[in-house]
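Because only heavy atoms are used, hydrogens play no part in the values below, and waters and symmetry mates are left out as well, while side chains stay in. What you are looking at is a predicted structure, and each value in this text was computed from that prediction instead of being measured.
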Amino acid sequence: RKPTAPERRLQDLKVGMAENSDIATRNLTGHLLIAMPGMADPRFDLSVVFICDHSDEGAMGLIVNKPTPDIDMSALLSQLSIENPAGLDGTKVRYGGPVEMGRGFVLHSPDYTSVVTTLDVTPDLKMTATLDVLEDLGQGQGPERWLMMLGYAGWGPGQLENEIAENAWLVGPSSADLIFDLTDGQKWEAALESIGVSPLLLSSEGGRA
């Protein structure tokens with residue numbers, strides 16, 4: 001009997017899971033983590049995480065699709081006594097992860113570099129965590145494309161690799177267009193589709209293959 005179309009898609013998904021386990025042994029700096037349905041930690045439910053740094057010592061990333069419900073850029077700049085002539089009222093601040101939620105991180109296009117320090121993650125994406133980037137954004141002199149996050153996601157040595165091997169996450173390529181141009185509600189499905197995985201099939205499997 002030939003497999004049905006849903007069975008073939010499930011077989012493809014299982015192959016993808018096996019490849020995903022192999023990916024866990026690589027350096028994932030600059031990649032996207034895509035949360036599987038049924039993620040045990042609700043803070044990461046349907047999250048897309050951009051990995052800023054990954055080494056034997058652990059990993060650090062920023063969730064790019066979860067806006068904070070009660071603070072925007074104008075409120076944040078006001079709290080920091082930073083002027084806002086650029087008029088960032090209503091601009092979203094996002095939840096970057098559960099670690100150091102009082103600390104800010106700006107993921108941005110490569111046209112900006114802080115005079116203090118900026119991390120070059122990929123040719124298309126940089127990350128700055130110093131106050132001057134917020135001052136420049138308030139003045140309208142910051143990067144052209146950017147997201148502001150509070151907090152970050154962190155993993156200890158081997159922790160992320162184990163989570164990927166257990167299929168808590170899928171791994172995909174980073175995309176500045178996905179990160180900056182899509183709505184938060186579109187990013188999870190778009191990240192899945194970028195690696196050829198159907199969100200509908202994944203949801204029906206509940207994260208198990």
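Closest heavy-atom contact between Trp188 and Val48: CA-CG2, 3.5 Å. For the residue pair Val64 and Met149, the shortest heavy atom distance occurs at CG1-CE, 3.8 Å.
Side-chain atoms of His54 come within 3.5 Å of backbone N or O of Leu28 as a donor-acceptor pair. Without hydrogens or angle criteria, Asp136 side chain to Gly142 main chain gives no donor-acceptor distance under 3.5 Å.
Side-chain contact between Ser194 and Ser175 is absent, with no heavy atoms from C-beta onward closer than 4.5 Å. Side chains of Tyr152 and Met127 form no contact here, defined as non-hydrogen atoms less than 4.5 Å apart. Side-chain contact check for Phe44 versus Trp169: some heavy-atom pair is nearer than 4.5 Å.
Put simply, CG on Asn84 and OG on Ser78 are 9.0 Å apart, with the number rounded to the nearest 0.5 Å. Separating the CG atom in Leu62 from the CD1 atom in Ile51 is a distance of 8.5 Å, to the nearest 0.5 Å. Between Leu107 atom CG and Leu147 atom CG the span is 6.0 Å, to the nearest 0.5 Å. Remark: Asn65 CG to Thr183 OG1 distance equals 9.5 Å, nearest 0.5 Å. Here CE of Met60 is found 12.5 Å from OG of Ser55. Values are rounded to the nearest 0.5 Å. Between atom CD1 of residue Ile164 and atom NE2 of residue His31 there is a gap of 9.5 Å, rounded to the nearest 0.5 Å.
Residues that satisfy the side chain to side chain donor-acceptor pair (under 3.5 Å) test with Arg103, not counting sequence neighbours, are absent from this structure. Residues satisfying the side chain to side chain contact (heavy atoms under 4.5 Å, CB included) test with Gln139, not counting sequence neighbours, are Glu83, Pro85, Gln141. Listed by chain and residue number, Ser114, Val116, Thr117, Thr128, Asp132 satisfy the side chain to side chain contact (heavy atoms under 4.5 Å, CB included) test with Thr130 (two or more places apart in sequence, or in another chain). Listed by chain and residue number, Leu32, Phe50, Thr122, Leu125 satisfy the side chain to side chain contact (heavy atoms under 4.5 Å, CB included) test with Ser174 (two or more places apart in sequence, or in another chain). With sequence neighbours excluded, the residues that form a side chain to side chain contact (heavy atoms under 4.5 Å, CB included) with Thr68 are Asp70, Ile71, Val93, Tyr95.
Side-chain atoms of Ser109 and Lys126 form no donor-acceptor pair, as typed in the model, at a separation below 3.5 Å.
More than 12 heavy atoms of other shown residues, nucleotides or ligands fall within 6.0 angstrom of atom CD in Gln159.
Residue pairs meeting the salt bridge (charged side-chain N to carboxylate O under 4.0 Å, His left out) criterion with at least one member in residues 168-197, sequence neighbours excluded: Lys92-Asp184, Arg94-Asp184, Arg145-Asp177, Arg145-Asp181, Asp184-Lys187.
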